[in-house]
Amino acid sequence: MEMLHIPRATYRLQFNRYFTFKQALELVQYFRELGISDLYASPIFKSNPGSLHGYDVLDSNQIDPEIGTEEELQQLAGELRRNGMGLVIDIVPNHMCIADGNKWWSDVLENGPSSLYAQHFNIVWNPPKAELKNKVLLPVLDQQYGKVVDRQGFKIVCDGAAFLVEYGTRRFPLNPSTWPAILIPAIEKLKDELGASDSYLLELESIVTALDHLPNATETDPDKCIERHREKEIIKNRLKRLMEKGEKAPLIVEAVQESMRILSGNTEDLGSFNRLEELLRNQSYRLSFWSVTNDEINYKRFFDINELVSMQSENEAVFEDIHAFTLKIVAQGLVTGLRIDHVDGLFDPEQYFIRLQRRCAEVRHVTDKLADPFYMVVEKILVGEERLRSNWLVSGTTGYDFLNLVNGLFVLPEHREDILAIYEQFIRRNEEMDEVIYTCKKLILIVSMSSELHILARHLEEISEQHRWSRDYTLESLRTALREIIACFPVYRSYIRLNDVCVKEADLRCIVAAIDYAKRANPAGDLSIFDFIQSVLLLQDPPGLTEEQIAFRRLFVMRFQQLTGPVTAKGVEDTAFYRHYPLASLNEVGMDPSQFGTHRTDFHAKNQERKQNWPHTLLTTFTHDTKRSEDVRARMNVLSENPEAWQQALQCWSQLNKPFKVSLDNRKIPDHNEEYLLYQTLIGSWPLHEMDINSRPQYIDRINKYMLKALKEAKVHTSWTNPYEAYEKGIQEFIGKILNPGQDNPFLEDFTQFIKPIIKAGLFNSLAQIVLKMTCPGIPDFYQGSELWEFTLVDPDNRHPVDYSNRRQLLEMIKQKKELDHGAFVSHLIKTPEDGLIKLYVTSQLLNFRMRASKLFQEGDYHPIESAGKKARQAVAFSRSWGQEHLLIGVGRFFTRLTNPATTLPVGDVWEDTHLLVAPRLAGSYRDILSGQVVQIEADRPLFLFQAFAALPFFVLEKIL
């Protein structure tokens, strides 16, 4: 039995055709020298061709050929193992991509409810629209169905021995039971050429007879489904042999091809499409115009993405099929941990973790999954005071909770009202983030996910008919009330289980809060309907119900929970965050709208709580899904330190750039809100080095693409589904003008002067944040390339290729120069932070120290250290101890309130009389892991920060034993 592997530090790699297993293999030594213990891979399974992220999985039991082979995975895992390292992989149990190439989905389209994979996907086979009974709605057409037919947009084709309908680059299988519509005309033609008694013709007629006797595609009896699956494959093989072998095969192929051509119709004779329409009408899917998606789609999607269908992984057989390859490589020891994507989309997350841990234990030959669980972390967004469920068999989250906690530490809380006032004055309207979120979530339910809401409302309507107390509620009133409750839901979802008899306190609080918010938002309506829905959600059943009726109510609760998560994600992360941004660095996944900064006491309390409950959770500050990189956020946070200067800059820039605004439809582009976001984005992402004739167009292109995405996500003036190209072009024209250097553009000169101290302060913020990430309880996680400065924005900007050759050379140079003169080298690094060496140095130093002191970080206690003096609130400090090992950590913050970082380093005397009140038990000699300086701490004297921060504005002091 292998011992449980706990990572010390993880490094996220985005595998795709531009970065493969072979390339990762060549970098293992670099990652080890950097101090990484585990590579943390994006999904490695076969995904949609060209995918840059891997979450659009086509086959979860096959490695994506674009990133490598199973043998290459074994080589990578073997090299990691030889270096004492592990591999954590990202798995996607919640959804699959339904593009061509998904064999399970193709089988469902071919065979409908009788498919052996019909239960793998979340499909409503009996939806509200009667015409969709036993069919899947496929909203893939670029025009209305009739127009596509009339322009001969569909073509019947043959692939091997299977018939399909072709639309552009997409192909959809035809139900074998409908193939006689193709084969019978071919038979009639061949009778004249071959004669009625020809053996080839008789075989073709026999095939048609066999097709006629196939069990119907609506058959759900397991034996009949198996029979249909078996017989259709036999028929396909017979037809394949007939069309490929023998001297008369070409004649048969020719006759079939002519039949397909005629069946495809002729634009000169619209009546010729009648047979094609009948053929399509008899399929287990309905091809339709993409715009009907949100109202009628009858398969559960990942958020509102039509190409990603939800999986029924709560079904044990489906679970086994989805995880077969994952369990295989776990058993082989190729992977040492799992990252579970989008757990809030799962039917029952707790059950899922139990099952996955049990199966991992079985394949690893571990007898007690509770005593030795496999390392797993979950992508779970915790909002506000929400806590990860203690009974989940996981090691923690992917770290967004820490991201928001530590990011807020560099935002001045008392300036919340000032920043909000500046924002509202600039955009010329007043609004709270809570109101924006409420509006955006309702928008998503009305526009993007109306079908999901309607199906849920129909379910609730049937429940209301169960009892006389609720029978008078109409479908529309129920749908409206559900929309209001979901829009008011304070967290992503609740976690009631199917067989629960009562609701846990955490779930009760959020459900009651949502109901109360919804009531207050709708004072003019019949509030009793909210009480009825609350009774259903809280498992409070009226008397006289049957077990079947109660089970039906519980299923509603489970489906309700699966809807609140995606609505929150789309409404908040992908809409509200792009509409309301007084300080955009706070608009991050898991953000609490009521929070503006993190108080030190809260920071320490959360760290102590994490140490107690989730010591092996990930600590992240940058992921593939963050809205901005850690370095962009760290720089933006500086704006909170001097609101007056920010306000003056905004007013100045707005006046200077007013002539560059574009006129469209009697309005100016961009509007004030978009202009505010643009200035923040420029501040956060402005390059560290002066741009030249080559780099400036690249930067402008990045900003254009970001603002275009921001506009579409906001859904105010344009959107992904209804793009307003003239408006989008106007924004890009404005950006091009204000970023074009020249005599008639004083904005750039003023802007570059304004951000000089902000840039330097932001760099120090980033470094302090790194120190905290690597010393707080938990496991630090690094996003690819972030060991150097990364001023990237939301995807795809943050998924560019990483220059590892440069990073390897720089790491080697750091090792050499540090050995020559540690103190002088560190002094040089902090004076010239723009080159990124200081970030790479701090990262590698602390990661390698974590390797040497692993027990201290895994099991060591955590104690806050108070500060006193004039700059007391600008320092954050704590200790970590394990046995005789002691560590003191301190970082500075709010650097522009200490000095002008553009001209003076925030070290030494600028800290004046500020000191730390170190516990007497920690007295002794310490060496700073980062600067190398030795510090003596006496039991009866404080530690003055002008001494501790003599070389760097942060320290990690290790007690010299």
Side-chain angles (χ1 to χ4, degrees), residues 3-13 31-32 34-42 80 83-91 335-341 343 372-382 387-388 392-407 590 603 606-626 630 769-784 786-787 842-862 878 880 882 885 887 889 929 956:
M3 295 297 291
L4 177 65
H5 175 86
I6 300 294
R8 290 188 308 273
T10 58
Y11 189 100
R12 170 76 177 203
L13 292 174
F31 293 127
R32 189 189 68 79
L34 184 63
I36 296 298
S37 72
D38 290 69
L39 296 186
Y40 163 26
S42 61
L80 289 170
N83 282 273
M85 301 169 68
L87 177 64
V88 178
I89 66 166
D90 197 338
I91 64 171
V335 299
T336 52
L338 300 174
R339 183 259 199 194
I340 319 299
D341 181 60
V343 296
D372 188 21
F374 197 62
Y375 184 75
M376 296 179 195
V377 289
V378 295
E379 186 204 26
K380 166 59 192 163
I381 311 304
L382 300 169
R387 299 292 188 270
L388 189 64
W392 285 7
L393 295 180
V394 298
S395 294
T397 73
T398 52
Y400 286 110
D401 42 333
F402 179 80
L403 182 156
N404 284 283
L405 181 73
V406 74
N407 181 68
F603 179 74
K606 291 287 178 63
N607 284 335
Q608 289 173 317
E609 182 181 327
R610 188 184 322 109
K611 166 66 184 69
Q612 180 67 30
N613 300 324
W614 303 102
H616 302 140
T617 191
L618 291 187
L619 308 180
T620 194
T621 47
F622 185 13
T623 79
H624 60 289
D625 276 339
T626 47
E630 60 193 20
Q769 185 172 246
I770 294 168
V771 171
L772 294 174
K773 180 168 74 171
M774 284 193 279
T775 54
C776 286
I779 298 168
D781 170 53
F782 293 82
Y783 184 62
Q784 60 179 25
S786 64
E787 60 268 39
V842 170
T843 301
S844 60
Q845 278 290 103
L846 290 182
L847 283 177
N848 279 279
F849 175 66
R850 285 182 65 94
M851 190 185 307
R852 299 194 304 272
S854 58
K855 283 291 185 181
L856 172 64
F857 287 103
Q858 283 192 6
E859 302 181 24
D861 59 18
Y862 178 102
F878 55 90
R880 301 295 307 273
W882 185 75
E885 296 182 53
L887 204 63
I889 299 98
I929 300 299
V956 179

Any side-chain heavy atom of [X] within less than 4.5 Å of one from [Y]?
X: Leu846; Y: Ile929; value: yes
X: His616; Y: Pro7; value: no
X: Cys776; Y: Leu619; value: yes
X: Phe878; Y: Thr775; value: yes

Q) Cut-off 3.5 Å, side chains only: do Asp401 and Thr397 have a donor facing an acceptor? A)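 Per modelled atom types, Asp401 and Thr397 side chains form a pair under 3.5 Å.
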
Q.
Distance alone, cut at 3.5 Å: any donor-acceptor contact between the side chains of Ser42 and Asp90?
A.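 Ser42 vs Asp90: no donor-acceptor pair found between side chains.
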
**Q.** Pairwise distance OG(Ser395) to CG(Leu618) - rounded to 0.5 angstrom
**A.** 9.0 Å

Q) Looking at Phe622, does the NZ or CZ of Lys773 lie under 6.0 angstrom from its six-membered ring centre and within 45 degrees of the ring axis? A) no

Q.
Tell me whether the NZ or CZ atom of Arg12 lies within the 45° cone about the ring axis of Tyr783 and under 6.0 Å from its centre.
A. no

Q.
With salt bridge (Lys or Arg N to Asp or Glu O under 4.0 Å) as the rule and sequence neighbours excluded, what pairs involving residues 849-858 come up?
A. Lys855-Glu859

Main-chain N/O of [Y] paired with [X] side-chain donor or acceptor, under 3.5 Å:
X: Asn607; Y: Pro777; value: no
X: Thr621; Y: Leu403; value: no
X: Thr617; Y: Trp614; value: no

Q: Would you indicate whether Gln612, at its atom CD, is surrounded by more than 12 heavy atoms from other residues, nucleotides or ligands within a distance under 6.0 Å?
A: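 No.
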
Q) Parallel, tilted or perpendicular: which fits the ring planes of Tyr11 and Phe31, with parallel below 30° and perpendicular above 60°? A)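 Because their plane-to-plane angle lies in the 30° to 60° range, the rings of Tyr11 and Phe31 count as tilted.
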
